[in-house]
Amino acid sequence: MRRTFIKTLWVCLMSLIGIGFLLFFLIWFGVIGYSPDIENLQNPINKTASQIYSADGKIIGTYNADKANRIPVPYSKLSPYLVKALVATEDERFYEHSGIDFIALGRAIVKRGLMGQTSAGGGSTITQQLAKQLYSDPAQSTTQRLLQKPIEWVTAIKLERNFTKEEIISLYLNYFDFLHGAVGIKTASNTYFNKEPKDLTLDEAALLIGLCKNPSLFNPVRYPERAKQRRNVVLGQMLKAGYLSRTEYEENAAQPIVLRFHRADHKDGTAVYFREFLRQYMMMDAPKKADYPSWNKRQYVIDSIAFATDPLCGWCKKHTKKDGSFYNVYTDGLKIFTTIDSRMQRYAEESVYGHVAQFLQPAFNAENRKKPNAPFTSELTPEQVRQIIGRSIRQSERYRNMREAGASPEEIDKAFHTPTDMTVFTYHGDIDTVMTPLDSIRYYKSFLRAGFMSMDPHTGQVKAYVGGMDFEHFQYDMVMGGRRQVGSTIKPFLYSLAMENGFSPCDLAPNVQRTYMVAGQPWTPRNANHNRYGQMVTLKWGLAQSNNWISAYLMSKLNPNQFVTILHKFGINNPDIYPSMSLCLGPCEVSVGEMVSAYTTFANNGIRVAPLFVTRIEDNEGNVVAEFHPRMSEVISSESANKMLVELMAVVDEGTAGRLRYKYNIPGEIGGKTGTTNRNSDAWFMGFTPQLVSGVWVGGEDRDIHFDSMRMGQGATMALPIWAYFMKKVYRDPSLPYKPTATFEIPEGFNPCAKDDDGGLGIEEVYE
């Protein structure tokens, strides 16, 4: 009987071993569960964030499936304290096993499984935990978790066969989620201590490693005392393992927790608007008309043009990986090398913030205190204001959520008039307050918005991109997303058409107000001033003074259809531009990005260059999978471009942009154009040097939000100073290649007044 019992036990044992080997075999070859293949094991980095590099070699951000700034750190850049703390706490025999610690596993089975001792410790090694992070989905039950364990054992063995111990440690720390968006040790070090991982002190490293047991339970932000106790447990394990002396342990265990906490977010860092634009641009699907609302068919046309003509637009949906699947910026670990210069980006952000937040906004707030309709213009009636606010309510997330929940119009109206606790944005930091949702709409509308872009006119490389004032609170991108009326900044395109049709800067035009018949209706353009009224003036003077009467006169001598055609050649893709006389004053809506690209024509000998945002993309193995080159097209002849240079430099030297010289003291050759639309709704400045073209727009969220005074609302006050501050910063930086001594390539002896025939005026006749 006893022999039979023993034999039965041996049969059961051998059967279990056989089943175990069979299970191991089936898992190893992927018959049961998911076991990563060799390629995936050797390239686990393909699940890390894609990294965005600036032109000067800085990492300016990442794209992650979990929206966190995970940036891999090699083992050589880890603090030794991190490594010792991790091994001592999580896997004391890490350097002795090959993925599975059978001693710890046996102890866990006996003490935890059979004897119920929850404090006996677990059996998972660092390698098994890494396998769980990389390849296991969250278990929905204890049974499912038990089934995952054998798969993780197999995966751990495979990891050990493909990676060194140092690589496994760095992978583990790069993948772990330390809470608050801090995924990976680099972001965690910055989030909690504002340091690089290599610079962590002993107690700081122990605190972070303590989170590996349960980050929510030992969260140092919410539970500092609990986190301190866990940190000291880690220090105790390091003492036990021989990594610390008793003195080191006691000194560090007595240290208080001192955090320099900053919540990590994929929206943090520099060039946030640019990074978000780039993400959407690269991931764009082929536009389908049905996906666009009826009121936004214009955007369908614009997106279709970009998708068809720009290789970067929709790049991820146009190219596939080795396995045939499309690229994904969230999961494929791409390295995206952009044209943004981190120094110039910083100067641009400082210039926009300094002028708008610190000068314009206080002045606008002061003006609003006198307006019953604030922040809207006093020229609106109360009923018009109610209509605008009503549209904003219906476009709000609160309204949509309440409608979807079945709330009645009365309930929604009551909710918008009920004071609520909320956190709102200020330029001095977010504050907690109480206000109605209706008041919060007006509050956020009271902030002025801005857009700025700077690019190289010869290569198209975009060097700086500021889409707004604060991405977290104002996410609408005013560089490539927003489109506003351009006002007088359209006039150089009209003058270019005139130059192409035989005009010269020295030709004369009557400086008088006239009425023109447009589609059977009289149209009488107005002008901001009456300087030299009734005189014959040159076209050069007319553009320098941004004279509307001269522009209207020119338009009457040209074909409006030709004007629309040349606008499209300049890269203005708005399909709604209607050929009319009034088009010469800029009622059409254009983005800052399109305007900057258009103005490269004047600095590039008549050749327009499209914005170039990325130079190359590398995959997670370092292979170059895409390269991008300048896209150029001829818009006007080189002779016309030189004539336009003469006229646009006069805008700065003797016209509406003169304060660049007498107030901001910007040296060197500069061309530019100010722009202000009706009622000061939109303020523009387009400025360029031989090496850089930059554009600025400033205005309100709605066109009826603006300064009522021309003194404050004009482009020369609202937008031009941003350009000036930016260029002063650029010129002061000796590490940048941009110098005020650069000159435009105008041929020696060029006569801007020369005519192709003998019928034109000479320059002497004009100025007599």
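All values below were derived from every heavy atom in this structure, side-chain atoms included, with hydrogens, water molecules and symmetry-related copies excluded.
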Exercise. In Å, rounded to the nearest 0.5 Å, how long is the span from OG of Ser580 to CE of Met555?
Worked result: 8.0 Å

Exercise. Nearest 0.5 Å, what's the CD-CG distance between Gln280 and Asp477?
Worked result: 8.5 Å

For this session: Given side chain to side chain contact (heavy atoms under 4.5 Å, CB included), test Thr459 with Leu612 step by step and report yes or no.
Result: CA-CA 8 Å; Thr459 66; Leu612 182 66; 5.6 Å; no

For [Y], is there any backbone N or O sitting under 3.5 Å from a side-chain donor or acceptor partner on [X]?
X      : Y      : result
Gln691 : Asp456 : no
Thr377 : Leu380 : no
Arg616 : Phe628 : no
Gln461 : Thr339 : no
Asn548 : Pro525 : no
Glu379 : Asp708 : no
Asp310 : Ala306 : no
Asn604 : Gly606 : no
Gln361 : Leu448 : yes

For this session: Verify side chain to side chain donor-acceptor pair (under 3.5 Å) between Gln714 and Thr674, making sure each step is shown before the conclusion.
Result: CA-CA 8 Å; Gln714 62 180 314; Thr674 56; over 6 Å; no

Restricting to ring-ring contact (aromatic ring centres under 6.0 Å, His included), what partner residues turn up for [X], sequence neighbours left out?
X      : value
Phe570 : Phe493, Phe602
Phe750 : none
Tyr353 : Tyr427
Phe277 : Tyr281, Tyr465, Phe613

Exercise. Quick one: side-chain contact (heavy atoms from CB on, under 4.5 Å) partners of Asn665, sequence neighbours excluded?
Worked result: none

Problem set entry | Test side-chain contact (heavy atoms from CB on, under 4.5 Å) applied to Pro587 - qualifying residues, sequence neighbours left out | Leu583

Just checking, is any N or O donor in the side chain of [X] or [Y] under 3.5 Å from an acceptor N or O on the other one?
X      : Y      : value
Asn680 : His706 : no
Ser546 : Ser488 : yes
Arg703 : Gln485 : yes
Glu500 : Ser640 : yes

For this session: Evaluate the salt bridge (charged side-chain N to carboxylate O under 4.0 Å, His left out) criterion for residues Arg346 and Glu349: first the C-alpha distance (whole Å), next the side-chain angles of each, then the deciding distance (0.1 Å), finally the verdict.
Result: CA-CA 5 Å; Arg346 183 174 72 254; Glu349 292 176 359; over 6 Å; no

Problem set entry | Check against ring-ring contact (aromatic ring centres under 6.0 Å, His included), Trp549 and His530 | CA-CA 10 Å; Trp549 297 331; His530 287 63; 5.2 Å; yes

Heavy-atom closest pair, residues [X] and [Y]:
X      : Y      : answer
Ile340 : Asp56  : O-OD1, 4.1 Å
Asn561 : Pro579 : OD1-CG, 3.3 Å
Val651 : Lys673 : CG1-CA, 4.1 Å
Pro611 : Val462 : CB-CG2, 3.9 Å
His458 : Ala603 : CE1-O, 3.3 Å
Pro575 : Ile302 : CD-CG1, 4.3 Å

For this session: Go through the steps for Ser597 and Thr600 under the test side chain to side chain donor-acceptor pair (under 3.5 Å), then give the verdict.
Result: CA-CA 5 Å; Ser597 174; Thr600 62; 4.7 Å; no

Got [X] and [Y] here, is their nearest side-chain heavy-atom distance under 4.5 Å?
X      : Y      : value
Thr515 : Trp523 : no
Val696 : Val592 : no
Val466 : Gln345 : yes
Lys643 : Phe503 : no
Met644 : Thr601 : no
Tyr738 : Met727 : no
Trp723 : Phe688 : no
Pro505 : Met499 : yes

Problem set entry | Step-by-step side chain to side chain contact (heavy atoms under 4.5 Å, CB included) determination, Ser694 to Phe685 | CA-CA 8 Å; Ser694 307; Phe685 181 69; over 6 Å; no

For this session: Assess whether salt bridge (charged side-chain N to carboxylate O under 4.0 Å, His left out) is satisfied between Glu634 and Arg608, documenting all intermediate values.
Result: CA-CA 6 Å; Glu634 183 176 4; Arg608 181 184 75 87; over 6 Å; no

Problem set entry | Cys584 and Lys491: CA distance, side-chain angles, deciding distance, side chain to side chain contact (heavy atoms under 4.5 Å, CB included) verdict | CA-CA 6 Å; Cys584 67; Lys491 290 175 182 176; over 6 Å; no

Exercise. Hey, which of Asn511, Asn531, Leu508 is the one that makes side chain to side chain contact (heavy atoms under 4.5 Å, CB included) with Val537?
Worked result: Asn511

Exercise. Do Tyr347 and Phe726 have their ring centres less than 6.0 Å from each other?
Worked result: no

For this session: Report the C-alpha distance between Lys540 and Glu647 in whole Å, list the side-chain angles of each, state the deciding distance to 0.1 Å, and finish with yes or no for salt bridge (charged side-chain N to carboxylate O under 4.0 Å, His left out).
Result: CA-CA 5 Å; Lys540 175 185 173 185; Glu647 294 179 295; over 6 Å; no

For this session: Show your working on side chain to side chain contact (heavy atoms under 4.5 Å, CB included) between Trp697 and Val479 and close with a plain yes or no.
Result: CA-CA 9 Å; Trp697 169 87; Val479 170; over 6 Å; no

Seminar exercise, completed: Which of Tyr273, Phe274, Tyr476 passes ring-ring contact (aromatic ring centres under 6.0 Å, His included) with Phe471? Answer is Tyr273

Problem set entry | Cationic N near anionic O, under 4.0 Å, Lys463 to Asp341 | no

For this session: Test the Arg532-Trp541 pair against the cation-pi criterion, namely NZ or CZ under 6.0 angstrom from the six-membered ring centroid and within 45° of the ring axis.
Result: yes

